[in-house]
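These notes are about the structure you will find just below.
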Amino acid sequence: MKLYNTLNRTIEEFKPYNPTEVKVYVCGVTPYSSTHVGHALSYVVFDVLRRYLEYSGFNVHHVQNFTDVDDKIIIKAKEEGISENELTERYIQDFFATMDALNVLRATKYPRATQEIPDIIETINTLIESGHAYPAGADVFFRVKESINYGELSNRSTEDMISGSRIEIDPNKENPIDFALWKGSKEGEPSWDSPWGPGRPGWHIECTTMSTKYLGDQLDIHGGGMDLVFPHHENEIAQSEAYTSKQPFSKIWMHNGLLQFGQDKMSKSIGNLVSVEEALTKHQPDALRLYLLSSHYRSPLNYSDEGCEAVARSLQRLRVALEPSAANGTILDASAYKTKFLNHMSNDLDTPQSIAVMFDLAREINRAKESSMEVAEAQNELKTMGNILGITFSLPETAILSNVAPFIDLLLEIRQDLRQANQYDLADKIRNTLQDLNINIEDTSTGPKWQ
RNA sequence: GGCGACGUAGCCAAGUGGUCUAAGGCGGAGGUCUGCAAAACCUCUAUUCGGCGGUUCGAAUCCGCCCGUCGCCUCCA
């Protein structure tokens with residue numbers, strides 16, 4: 001399998017350290033607001049990576065963190081008059097509910113920063129002892145100039161960063177580009193005891209501690225959104241390699257393009273968010289998922305309801321192709337489609353091309369059905385492809401209560417009688433009226449069907 | 001100011017040196033089927049890939065310049 005590696009900006013052959021297992025660490029959310037469609041894009045992409053690796057026979061260890069201590073969390077909790085813990089717990093549950101709805105498989109482990117404090121302190125201690133970090137006042141900073149490769153991931157020089165006027169100068173820092181490993185607490189902030197006084201971990205250090213603790217010193221794949229490349233992942237590399245004395249921290253760095261909404265990226269700071277919950281009131285999970293995968297994961301995708309609706313219509317074509325057929329003639333061979341599908345998946349997760357293959361196969365199945373070929377096997381291949389992408393093909397939820405079904409069946413029976421009697425005006429009236437109620441009638445060779 | 005990405009049909013979106021007179025989807029047009037529909041199937045819907053130059057036997061694909069859009073450099077998937 002080939003994957004694009006942000007570290008060297010090339011597509012390279014992926015070979016995990018262990019030929020049978022893959023260690024993946026994906027940066028998770030800061031749980032202080034509802035999970036939005038941009039998050040969904042990222043986690044759906046890494047879910048597809050995981051599903052494809054598992055399909056390819058790898059045992060995948062997938063760790064994803066929750067950054068459950070941070071300035072925004074503290075502010076939001078104060079605003080709502082609840083504890084930080086209560087706030088993060090609420091949005092962690094929201095995250096899980098959302099991911100379940102989108103058929104995202106659960107990671108192997110979801111560590112939370114606040115539950116790893118002793119280990120984080122231990123990591124910081126090690127870094128101080130080796131001269132990579134220094135306490136200053138109530139804080140501890142990472143000494144960036146000790147890291148030779150600093151800037152490699154984000155392709156920028158330390159000089160550029162220093163000259164950038166946007167870096168705030170902290171008098172406690174030896175160097176403006178040094179970053180905090182431990183932040184001394186101010187009044188009213190959550191804090192933990194440490195050798196440097198009460199405080200909390202900086203943003204980046206938790207990932208070093210958790211990834212080395214749960215996956216080992218070196219990862220196969222580290223993932224996240226493109227907005228994390230700098231400073232978060234750059235700092236993570238510096239810390240982790242200093243901590244373990246091993247390079248590289250991660251073989252491959254994968255970054256998904258950011259979801260756009262209108263002219264801007266969808267983001268908490270801009271406030272142009274569409275929560276997944278809101279999106280799912282208008283679109284089925286399968287449609288949203290397929291939509292998120294319809295452009296390449298490294299490209300930005302502009303979210304729109306119209307786009308989702310178009311995908312939902314196309315999804316119906318796939319479902320129709322999967323409807324069972326009684327024909328049992330020559331067996332349709334779908335192996336060529338499967339090979340193509342897998343080749344595209346192997347090429348840096350080219351899901352748009354893979355999806356195109358699914359539509360080609362669906363057409364082939366429908367064609368085969370018309371000539372009474374046996375398609376069950378081909379249909380299974382199509383389902384397998386869907387499964388790799390996490391598409392369930394399940395029917396959209398209908399508002400129809402099961403106890404009205406007999407009445408609809410009765411209406412259709414009457415309509416059949418009317419059709420037999422050539423009373424088409426009345427038959428069409430039934431069909432049109434049901435259509436207005438969002439019940440679609442199809443007259444097939446085996447009788448009428450409704451949905 | 002520094003770093004990076006992108007600009008392909010009405011819309012979404014692949015393809016990154018020859019098989020591209022450019023995949024797939026949505027939308028649209030015509031047809032087959034049907035009492036009529038629906039669904040499905042068939043045909044058509046970019047001789048062209050932001051613009052201008054260059055490299056090459058050959059470029060949407062490489063290089064340069066220009067125009068436009070966006071991201072990162074501050075919390076962010």
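Numbered from 1 within each chain, the chains take letters A, B, ... in sequence-line order.
Shown here for A/Val144 and A/Ile177, the closest heavy-atom pair between the two residues is CG2-O, 3.3 Å.
One P atom belongs to B/A46, the other to B/A9, and the distance between them is 11 Å to the nearest Å. Rounded to the nearest Å, the gap between the P atom of B/C36 and that of B/G31 is 13 Å. Remark: the separation of the P atoms in B/C3 and B/U8 is 26 Å, to the nearest Å. Look at the P atom in both B/U61 and B/G53: the space between them is 14 Å, to the nearest Å. Taking atom C1' in both B/A40 and B/G17, one finds a spacing of 40 Å when rounded to whole Å. Rounded to a whole angstrom, the distance from the C1' atom of B/U19 to that of B/G27 is 30 Å. Of the P atoms belonging to B/G50 and B/A14, the separation is 14 Å, rounded to the nearest Å. The gap from the P atom of B/A60 to that of B/G51 amounts to 11 Å, rounded to the nearest Å.
Nucleotide B/A14 holds its P atom 10 Å from the CD1 atom of A/Ile355, rounded to whole Å. Atom pair A/Phe230:CZ and B/C3:P shows a separation of 14 Å (rounding to whole Å applied). Rounded to whole Å, the distance from CZ on A/Phe261 to C1' on B/G71 is 18 Å. Following rounding to the nearest Å, A/Met226 (CE) and B/G4 (C1') show an atom-to-atom distance of 9 Å. Counting to the nearest Å, the P atom of B/A77 and the CE atom of A/Met99 are 11 Å from each other. Rounded to a whole Å, the CG atom of A/Leu153 is 12 Å from the C1' atom of B/C72. The nearest whole Å value for the distance from the CD atom in A/Gln420 to the C1' atom in B/C36 is 16 Å. Between A/Lys340 atom NZ and B/G15 atom P the separation is 15 Å, expressed in whole Å.
Using a 4.0 Å heavy-atom criterion, one finds that A/Asp443 contacts the bases of the nucleic acid, with or without backbone contacts as well. Contacts of A/Ser304 with the nucleic acid, taken as non-hydrogen atoms under 4.0 Å apart, are absent. Using a 4.0 Å heavy-atom cutoff across all strands shown, A/Gly307 reaches no nucleic acid atom at all. Residue-level contact check: A/Ala356 touches the bases, meaning some heavy atom is under 4.0 Å from a base atom. As judged by a 4.0 angstrom heavy-atom cut-off over every strand, A/Phe359 is placed among residues touching the sugar-phosphate backbone only. A/Gly223 comes within 4.0 angstrom of no nucleic acid atom, judged by non-hydrogen atoms across all strands. Contacts of A/Leu228 with the nucleic acid, taken as non-hydrogen atoms under 4.0 Å apart, involve only primed sugar atoms and P, OP1 or OP2.
Residues A/Tyr214 and A/Pro111 form a side-chain contact, since some pair of their non-hydrogen atoms from C-beta on lies under 4.5 Å apart.
Between A/Arg9 and B/C3, a side-chain N or O to OP1/OP2 separation shorter than 4.0 Å is absent. Note on A/Arg298: every side-chain N or O is 4.0 Å or more away from OP1 and OP2 of B/A5. For B/A39, neither phosphate oxygen OP1 nor OP2 lies less than 4.0 angstrom from any side-chain nitrogen or oxygen of A/Arg363. Using a 4.0 Å cut-off, no side-chain N or O of A/Thr444 falls inside it from OP1 or OP2 of B/U34. The side chain of A/Arg317 contributes an N or O atom lying less than 4.0 Å from OP1 or OP2 of B/G25.
B/U34 is unpaired under the criterion used here, namely a Watson-Crick or G-U wobble arrangement in which both key atom distances are under 3.5 Å. For B/U43, the paired nucleotide is B/A29, the pair qualifying as Watson-Crick or G-U wobble because both relevant distances are below 3.5 Å. A 3.5 Å limit on both hydrogen-bonding distances identifies B/G71 as the Watson-Crick or G-U partner of B/C3.
Put simply, the side chain of A/Asp350 and the base of B/G15 share no donor and acceptor less than 3.5 Å apart. Between the side chain of A/Asn155 and the base of B/C72, no donor-acceptor pair of N or O atoms lies under 3.5 Å. Residue-to-nucleotide contacts include a donor-acceptor pair under 3.5 Å from the side chain of A/Arg431 to the base of B/C36.
Between A/Tyr4 and A/Tyr297, a ring centre-to-centre spacing not shorter than 6.0 Å is recorded.
Other residues, nucleotides and ligands contribute more than 12 heavy atoms inside 6.0 Å of the CD atom of A/Glu323. Shown here is A/Lys76, whose NZ atom has more than 12 heavy atoms of other residues, nucleotides or ligands within 6.0 Å.
Picking from B/A77, B/A14, B/G35 the nucleotide with the shortest atom distance to the side chain of A/Asn256 gives B/A77. The listed nucleotides are B/C41, B/C26, B/A77; the one nearest the side chain of A/Asn366 is B/C41. You'll find that the side chain of A/Glu442 is closest to B/A39, out of B/G2, B/C41, B/A39. Looking at the side chain of A/Lys72, the nearest of the listed nucleotides B/A14, B/G35, B/C75 is B/C75. Distance from the side chain of A/Thr30 is smallest for B/A77 among the nucleotides B/A14, B/A77, B/C36. Among the nucleotides B/C26, B/A13, B/A40, the one closest to any side-chain atom of A/Val320 is B/A40. Relative to the side chain of A/Arg419, the nucleotides B/G27, B/G25, B/G35 differ in distance, and B/G35 lies closest. Here the nucleotide nearest the side chain of A/Arg156, chosen from B/A23, B/A77, B/C73, is B/C73.
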Determine, step by step, whether A/Asp286 and A/Arg289 satisfy the salt bridge (Lys or Arg N to Asp or Glu O under 4.0 Å) criterion, reporting the C-alpha distance in whole Å, the side-chain angles of both residues, the deciding distance to 0.1 Å, and the verdict. CA-CA 5 Å; A/Asp286 258 6; A/Arg289 202 172 156 117; over 6 Å; no
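A salt bridge links A/Glu364 to A/Arg367: one of the charged nitrogens lies within less than 4.0 Å of a carboxylate oxygen. Look at A/Lys186 and A/Asp71 and you find no salt bridge, because none of the NZ, NE, NH1 or NH2 atoms lies under 4.0 Å from a carboxylate O.
With hydrogens and angles left out, the side-chain atoms of A/Asp68 and A/Tyr91 include no donor and acceptor closer than 3.5 Å.
Ring-base stacking between A/Tyr43 and B/A77 is not satisfied when judged by a centre separation under 5.5 Å and a plane angle under 30°.
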